[in-house]
Amino acid sequence: MHGEYKVPGGKLVVVDLDVHDGALRGVRVAGDFFLEPDEALHAIDRALEGAPADADTQALAARVEAGLPADTVMFGFSAEDVGIAVRRAVARATDWTDYDWQLIHEGPQDPALHMALDEVLTGEVAAGRRPPTLRVWEWDRPAVIIGSFQSLRNEVDPAGAERHGVTVVRRISGGGAMFVEPGNTITYSLYVPQSLVSGLSFADSYAYLDDWVLGALGEMGVRAWYQPLNDIATEAGKVGGAAQKRIAAHGGAVLHHVTMSYDIDAAKMVEVLRIGREKLSGKGIASADKRVDPLRRQTGLPRPAVIDRMVASFRGRYGLTDGKVTDEESAAARLLAAGKFGSPEWTSRVP
């Protein structure tokens with residue numbers, strides 16, 4: 001069995017092993033990390049040898065830490081990262097490069113249709129009818145997208161939304177409300193097989209699926225990092241947030257979508273989002289600007305150029321071919337948009 005784990009912001013940990021009679025055998029750890037002294041690598045292998053095959057990440061990490069020489073220095077990885085790589089090996093997890101990734105980047109769509117496309121395309125990946133896909137969104141109007149479990153009245157000021165022509169929709173993933181405007185927002189979704197995140201905890205999967213975009217931002221001169229549970233942050237402020245939804249049908253699939261701020265109208269945001277006012281604690285629009293630091297200011301690049309560089313970075317890492325939403329997927333999404341995501345019943349399901 002073979003497992004790999006690219007530590008977010010760190011190095012690659014690779015584990016090869018066998019399982020006999022419910023225990024790990026022939027464990028061999030490798031990677032591009034830094035480790036001193038040399039004999040520490042063999043100590044890690046010995047510590048994992050004979051471990052129960054169903055041991056969780058924390059138990060495996062504890063064995064590694066207990067078996068290390070007292071003067072060990074680990075740089076670019078940790079004992080927990082080794083445990084994750086072992087769990088991925090045992091779970092027979094797949095890797096990014098095992099797939100032929102497809103890109104969808106089409107024209108502006110209305111918010112309800114975007115919500116529907118997320119549900120349809122995730123289901124298609126789970127069923128094996130669609131390859132793993134990166135979809136870049138374009139918006140046709142301002143919108144607030146609330147999380148699946150948020151209270152509509154607690155999150156949105158209906159008078160502010162109506163005054164600014166903001167459409168309110170509810171997505172299938174959890175997390176917080178997003179305020180988006182065409183030209184001011186960069187949103188993308190990843191639709192991936194469950195096997196890509198096998199062996200990862202829910203929290204670890206966020207960092208794992210966000211790692212490529214941190215690299216893309218770094219190539220544009222933005223030093224960004226993953227901030228648990230679901231934020232992308234820089235020294236200047238937050239630039240984005242992620243949310244996930246998992247589908248168990250067929251082979252299983254994960255929807256991982258991210259909204260990043262390219263620019264921001266802070267005054268409008270605090271008039272539309274109630275929660276924005278609470279988080280700012282009365283400090284006003286200046287604080288909103290500090291909480292979210294737009295990519296326009298940090299990169300100095302036009303929005304299309306930022307998107308192009310993100311896509312090019314993904315393509316360079318994992319490969320990416322241009323694709324589109326199929327006619328069948330489009331028809332299914334339009335039915336969902338009209339019957340579910342555009343309905344008051346769904347939007348206000350948590351009043």
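The model shown is predicted, which means the values in this text are computed figures rather than measured ones.
- If you chain together ILVMFWY residues whose side-chain heavy atoms come under 4.5 Å of each other, V14 ends up grouped with L12.
- Distance OH/Y226 to CG/L229: 4.5 Å, rounded to 0.5 Å.
- For the residue pair R171/S173, the side-chain donor-acceptor check at 3.5 Å is satisfied.
- A salt bridge links E138 with R303: at least one charged nitrogen is closer than 4.0 Å to a carboxylate oxygen.
- In summary, D118 and R135 engage in a salt bridge, as defined by a charged side-chain N under 4.0 Å from a carboxylate O.
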Show your reasoning for whether side chain to side chain contact (heavy atoms under 4.5 Å, CB included) applies to T133 and W101. CA-CA 6 Å; T133 299; W101 289 86; 5.8 Å; no

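- Salt-bridge formation is detected for the pair K340/E119: a Lys NZ or Arg NE/NH1/NH2 atom is positioned less than 4.0 Å from an Asp or Glu carboxylate oxygen.
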Cut-off 3.5 Å, no hydrogens considered: what does the side-chain donor-acceptor table look like for residues 179-188, sequence neighbours left out?
residue: E181; atom: OE1; partner: N184; partner atom: ND2; Å: 3.3
residue: E181; atom: OE2; partner: K268; partner atom: NZ; Å: 2.7
residue: T185; atom: OG1; partner: E181; partner atom: N; Å: 3.3
residue: T185; atom: OG1; partner: E181; partner atom: O; Å: 3.4
residue: T187; atom: OG1; partner: W139; partner atom: NE1; Å: 3.3
residue: T187; atom: OG1; partner: T259; partner atom: OG1; Å: 3.4

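- Aromatic ring pairs are classed by plane angle as parallel below 30°, tilted from 30° to 60° and perpendicular above 60°; the pair F33 and F77 is parallel.
- The pair E4-R88 does not count as a salt bridge, with every side-chain nitrogen at least 4.0 angstrom from each carboxylate oxygen.
- One finds a salt bridge joining D231 and K238 here, because a Lys/Arg side-chain nitrogen approaches an Asp/Glu carboxylate oxygen to under 4.0 Å.
- Shown here are the ring-ring contact (aromatic ring centres under 6.0 Å, His included) partners of Y206, two or more places apart in sequence or in another chain: F202, H256.
- R163 and E271 are joined by a salt bridge, as a carboxylate oxygen and a charged side-chain nitrogen come within less than 4.0 angstrom of each other.
- The pair R28-D45 fails the salt-bridge criterion, with no side-chain N (NZ, NE, NH1 or NH2) lying under 4.0 Å from an Asp/Glu carboxylate O.
- Note: the hydrophobic cluster containing F341 also contains Y191 (ILVMFWY, side chain heavy atoms under 4.5 Å, direct or indirect links).
- Residues L255 and H257 have side chains in contact (heavy-atom distance under 4.5 Å, counting atoms from C-beta outward).
- Under a 4.0 Å N-O distance rule, the pair E155/R274 does not qualify as a salt bridge.
- A salt bridge links D322 with R315: at least one charged nitrogen is closer than 4.0 Å to a carboxylate oxygen.
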